[in-house]
Chemist: 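Quick one: the structure is below, and I'll ask about it shortly.
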Amino acid sequence: PPLLVTTPTDGLAEVFYGIGDALAGEGGLDMGIIFLQFALYLEPDFPLAYAALAEAYESAKKYELEMQALDQIKPDSPLWLNVQIQKSFALNSLERVDDAKALLEELIAKDPKDVRPLDALGNILRSHERYGEAREYYTRALALIPKPTKDNWTLFYSRGVSNERLKNWPEAEVDFKEALALSPDESLVLNYLGYSWVDQGRNLKQAMDYIRKAVKLKPDDGYYVDSLGWAYYRLGNLPAAVENLERAVELKPDDPIINDHLGDAYWKVGRLLEAKYQWQQALTLKPESEQIVTLKQKIASGLPEA
């Protein structure tokens, strides 16, 4: 390959790019963007600098500017496919879901054997609760992989989530188990499968082992700590449930389900006033419509005696 730097200007552009990329990646977005613009002033055809600038704009949630930067990268660049996928996520962030889907469908038509645009489209549709469509794209992606490896665990996990949300638990369980078989220490899968089993009252010992492992891997994740607290609640260990659910609310105070869980635990240990406070708090955090009905019932009359 030719030398990366052949003139002082090329060298200075590389320096500005390196500093800008490092600053933006460490949270110094404004200064990072300035250095990246310096690099592009010196070398207008600099795909890596445009990609780094786009990532900086994405971090700043300036998605229109992100797409403008991505559009400067030419189709003959090795980065081009990844750039188009990143652009689809920017469109999604702007609530232009159909445009994102059209872009990814175009990439899929150009190369039907590439897993990446299928995975990206599945993720976008799943984020909008279009689980049936998402599942189809994950299935198409997995069909292209003759022998899945550790790197493919996310496809099984994502399809498992889609199946679970479609109330197709047997297939979801198979997907989660396959994801764990490929990568046994993935906290996302450990938590999701363990929590689902606890909620169904099944495989409780293994479920607790999975949830504890997820919490050990990520002790400051409010969702995982909530799963552990809810598991203790379902198993009747109320002191441990309250302790863990209080910590979960501290870690994730804006989640309606976690606040709801803590309210249930408080009620069961006789802390009735605090229970109603947590349920009222959950109501203010934009819960789903089904949860709103349940929360109002609890605030009015508490939990049933059974």
Side-chain angles (χ1 to χ4, degrees), residues 51 55 58 70 78-93 96-200 202-203 206-207 209-211 213-214 217-218 221 223-224 227:
E55 285 185 19
E58 180 190 17
L70 293 172
L79 301 176
W80 190 79
L81 179 63
N82 287 336
V83 160
Q84 298 308 301
I85 291 173
Q86 187 176 343
K87 187 177 175 182
S88 73
F89 284 114
L91 288 166
N92 181 54
S93 297
R96 293 168 58 184
V97 185
D98 292 335
D99 291 338
K101 184 178 180 184
L103 174 58
L104 290 168
E105 288 283 16
E106 191 179 323
L107 297 177
I108 292 166
K110 283 183 179 177
D111 187 357
K113 293 186 177 180
D114 195 321
V115 169
R116 289 171 291 176
L118 290 164
D119 184 23
L121 186 46
N123 290 338
I124 286 173
L125 292 169
R126 182 164 61 92
S127 72
H128 289 275
E129 300 183 3
R130 293 162 64 170
Y131 299 113
E133 295 172 78
R135 179 176 62 181
E136 290 178 22
Y137 286 102
Y138 294 133
T139 300
R140 285 171 61 183
L142 286 166
L144 296 172
I145 304 169
K147 189 175 180 182
T149 65
K150 183 176 181 178
D151 292 339
N152 304 129
W153 73 268
T154 55
L155 284 169
F156 285 101
Y157 168 75
S158 300
R159 189 173 70 174
V161 172
S162 301
N163 275 317
E164 188 271 334
R165 300 299 289 175
L166 290 166
K167 303 192 184 305
N168 186 359
W169 176 250
E171 289 187 26
E173 188 174 41
V174 169
D175 283 333
F176 291 138
K177 286 181 176 178
E178 184 64 34
L180 278 182
L182 293 171
S183 190
D185 293 330
E186 296 301 336
S187 56
L188 271 174
V189 192
L190 290 164
N191 179 66
Y192 208 115
L193 181 54
Y195 181 91
S196 300
W197 276 340
V198 166
D199 223 31
Q200 297 165 21
R202 299 174 54 234
N203 303 332
Q206 190 172 17
D209 289 343
Y210 281 177
I211 295 169
K213 186 175 180 181
L217 288 165
K218 290 193 174 179
D221 189 300
Y223 295 114
Y224 299 168
S227 294

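Keep in mind that this is a model prediction, so the values were computed, not measured. Position 1 is the first residue of the sequence, and the numbers go up from there.
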Chemist: Quick check: does any side chain N or O of Y138 sit under 3.5 Å from a backbone N or O of G122, one acting as donor and the other as acceptor?
Modeler: yes
Chemist: Taking everything shown except K213 itself, do over 12 heavy atoms lie less than 6.0 Å from its NZ?
Modeler: yes
Chemist: Of all the heavy-atom pairs spanning A214 and S187, show the shortest one and how long it is.
Modeler: CB-O, 3.8 Å
Chemist: Checking side-chain contact (heavy atoms from CB on, under 4.5 Å) for the pair I108/R140: CA distance, chi angles, key distance, verdict?
Modeler: CA-CA 11 Å; I108 292 166; R140 285 171 61 183; 3.5 Å; yes
Chemist: Within this structure, what is the CD1-CD distance for the pair I211 and Q206, rounded to the nearest 0.5 Å?
Modeler: 11.0 Å
Chemist: Please round to the nearest 0.5 Å and tell me the distance separating atom OH of Y210 and atom CZ of F176.
Modeler: 12.5 Å
Chemist: Heavy atoms only: give me the nearest L79-A51 pair and the separation to one decimal.
Modeler: CD1-CB, 4.3 Å
Chemist: Give the C-alpha distance, both sets of side-chain angles, the deciding distance and a yes or no for side-chain contact (heavy atoms from CB on, under 4.5 Å) between D119 and R116.
Modeler: CA-CA 5 Å; D119 184 23; R116 289 171 291 176; 5.8 Å; no
Chemist: For L155 and R159, run side-chain contact (heavy atoms from CB on, under 4.5 Å): C-alpha distance rounded to whole Å, both residues' side-chain angles, the deciding distance at 0.1 Å, then the answer.
Modeler: CA-CA 6 Å; L155 284 169; R159 189 173 70 174; over 6 Å; no
Chemist: Return yes if some donor-acceptor pair links the side-chain N/O of S162 with the main-chain N/O of S158 below 3.5 Å, else return no.
Modeler: yes
Chemist: Grab the two heavy atoms, one from G194 and one from A207, that are nearest each other, plus how far apart they are.
Modeler: O-CB, 3.5 Å
Chemist: Treating D175 as the side-chain partner and A172 as the backbone partner, does any N or O pair qualify as donor plus acceptor under 3.5 Å?
Modeler: no
Chemist: Is there a side-chain contact (heavy atoms from CB on, under 4.5 Å) between R202 and E173? Walk through the geometry before answering.
Modeler: CA-CA 12 Å; R202 299 174 54 234; E173 188 174 41; 3.4 Å; yes
Chemist: Determine the minimum heavy-atom distance between L81 and D114, stating which atoms define it.
Modeler: CD2-OD2, 3.1 Å
Chemist: Just how far is it from atom OH of Y131 to atom CG of N163, taken to the nearest 0.5 Å?
Modeler: 12.0 Å
Chemist: What residues form a side-chain hydrogen bond (donor to acceptor under 3.5 Å, both in side chains) with Q84, not counting sequence neighbours?
Modeler: none
Chemist: To the nearest 0.5 Å, what is the distance between CG on L182 and CZ on F156?
Modeler: 6.0 Å
Chemist: Is there side-chain contact between S88 and I124, with at least one heavy-atom pair below 4.5 Å?
Modeler: yes
Chemist: Does any part of the side chain of L125, heavy atoms only, come nearer than 4.5 Å to the side chain of S127, both counted from C-beta?
Modeler: no
Chemist: Report the distance from atom CG of L104 to atom CG of L118, rounding to the nearest 0.5 Å.
Modeler: 9.0 Å
Chemist: Taking the side chain as everything from C-beta on, heavy atoms only, tell me whether R130 gets closer than 4.5 Å to V97.
Modeler: yes
Chemist: CG/N92 to CG/N123 distance, rounded to the nearest 0.5 angstrom?
Modeler: 10.0 Å
Chemist: Evaluate the side-chain proximity of K101 to Y137: yes if any heavy-atom separation is below 4.5 Å, no if none is.
Modeler: yes
Chemist: Could you check whether any side-chain N or O of Y224 sits under 3.5 Å from a backbone N or O of L188, counting only pairs where one atom can act as donor and the other as acceptor?
Modeler: yes
